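Only one structure is covered here, and it is reproduced in the block below.
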Amino acid sequence: PDAIVIAQGLAQSPWYQEQISRWYPGEKVILSNLKEAESVSNFFRGNRRTIYFSGDCELPDENLLSTSGWKLVPQGLVLRLVPTTELVPSYDNLDYFYFYRGRYNYQAHYEFFAPDLIEEYAKAYQRIGFAYLKKGDYSSAEKYLLYALSCQPAFPQAYSLLGYLYFTGNRWTEAEKFYLYAVDAHLDLLNKAKEYRSLPGIEESIKMDIANNYNNLGVVYERLGKENLAIDIYEKTLEYNPQHIDAQYNLAVVYWKKGDWEKVISYLEQVLMINPQHQQAKNYLLIAKQKLHQK
C-alpha cells in the first residue's frame, strides 16, 4: 500500500493524471514520457521515492539516464533506479527472496498466463546475467543466463550473451555452439515476425541481430583455424545486413591471409564506401594495391 503504481502507457493522458491525483491525495506524483532529457530528469528528481520499472516497460535511453545521473540495475523481477555513483555488489535476490513452485519452463504449459509469467523470470535472469557480464563476473553471468534459458529455451538474447561470454574466455567450442543457437533462435523469431506481420522496423532489427551473431561466429571459426568456414559465415552475415562493416573488413582480413589481393581490395573498398573514415581500411588498401601490382 505504500507504493504508487504508474501505468507508463497512460502517463501522458490528462484523465489518467487526474485519476492518479485522486488515488494518492496529498502525494505529488510527477508523470512524464521519459523520452527527452528534460522529462527524464523531471521524473526522477520530482518523485521523491525509490523508482522501479517492470519488465514490460519501455525503458528510458541509457545515455539519457546517464546524463541525468541515473542507471537501472536488476532487482528481482524489476529494474531499480539508482544514482550512477552507487555501487551494486550483488543482484541475487531472485535466489534469496523468491519461492518457486511448479515447472518454470515456458514450453511446459498450454494456457496463456503461466508461460507469460515464466518469461518474465527468464527476462529477469537475463538482465541479471548481463549485469554480471558487464562487471566481469563471468561465473555468475553464466549461471543466470543458463537460468534464463531453463525458463525460456527460445530466448535469443541469452544465447548471444553466452556466446560472447565463452568467446571472451577463449572457450571457442562453446562459443560456436551458443552463437549457432542464437542464430537459430533469431531466425525463428524472424519467421514469427513475418507470420504475424510485424512492423518492418522489427524485422530489420531481428535481421541486424542475426547478422551480428553470424559475424561473431565467423570470428570464432577464424580462431579455430577454419578460414573457409569463416568466409561462408561472413557472407551469410552480409545476406542479412549488406552494410555490416565488420563482416566486410573481416573478409578482407581472411583473404589477406590467403594472398587473394583482388578480393582484399574489393572488400576494403566496400568498407570505405560505408565508412570513408575507416583508417585501417585506408592503410591496408594502399598496401594491398601495391601487393597486387607486384604480383
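This is a predicted model, so every value here is computed, not measured.
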query: Would one find more than 12 heavy atoms of other residues, nucleotides or ligands at under 6.0 Å from atom NZ of K257?
result: yes

query: Can the ring centroids of H278 and Y249 be said to lie less than 6.0 angstrom from one another?
result: yes

message: Are Y214 and Y234, when compared by the centres of their aromatic rings, separated by less than 6.0 Å?
response: no

- prompt: Salt bridge or not for K123 and E120, using N-O below 4.0 Å?
  reply: yes

field: Side-chain ion pair, E239 and K207, N-O less than 4.0 Å
entry: no

- prompt: Is the gap between the ring centers of Y147 and Y144 under 6.0 Å?
  reply: yes

message: Using a 6.0 Å cut-off, check whether atom CD of E235 has over 12 heavy atoms from anything other than its own residue.
response: yes

- line: Hits for side chain to side chain donor-acceptor pair (under 3.5 Å) against E18, two or more places apart or cross-chain, chain-then-number order -> R22

task: Step through it carefully: locate the ring centre of Y100, locate the ring centre of Y104, and say whether they are under 6.0 Å apart.
output: yes

query: Taking NZ, NE, NH1 and NH2 as the nitrogens, is one of them in E27 or R49 under 4.0 Å from a carboxylate oxygen of the other?
result: yes

query: Side chains of V220 and Y179: closer than 4.5 Å at any heavy-atom pair?
result: yes

message: Tell me whether the count of non-hydrogen atoms from other residues, nucleotides or ligands lying under 6.0 Å of OH in Y284 goes above 12.
response: no

task: Answer yes or no: is there an ion pair linking D188 with K192, defined by an N-O contact shorter than 4.0 Å?
output: yes

query: Can you find a side-chain donor-acceptor pair between Y166 and E142 that sits under 3.5 Å?
result: yes

field: Minimum side-chain heavy-atom gap L162-L149 below 4.5 Å
entry: yes

field: F167-W172 aromatic ring centre distance below 6.0 Å
entry: yes

message: I'd like to check the side chain to side chain donor-acceptor pair (under 3.5 Å) partners of N47; sequence neighbours left out, ordered by chain and number.
response: none

- prompt: Any chance NZ of K135 has more than 12 other-residue heavy atoms, nucleotides or ligands included, within less than 6.0 Å?
  reply: yes

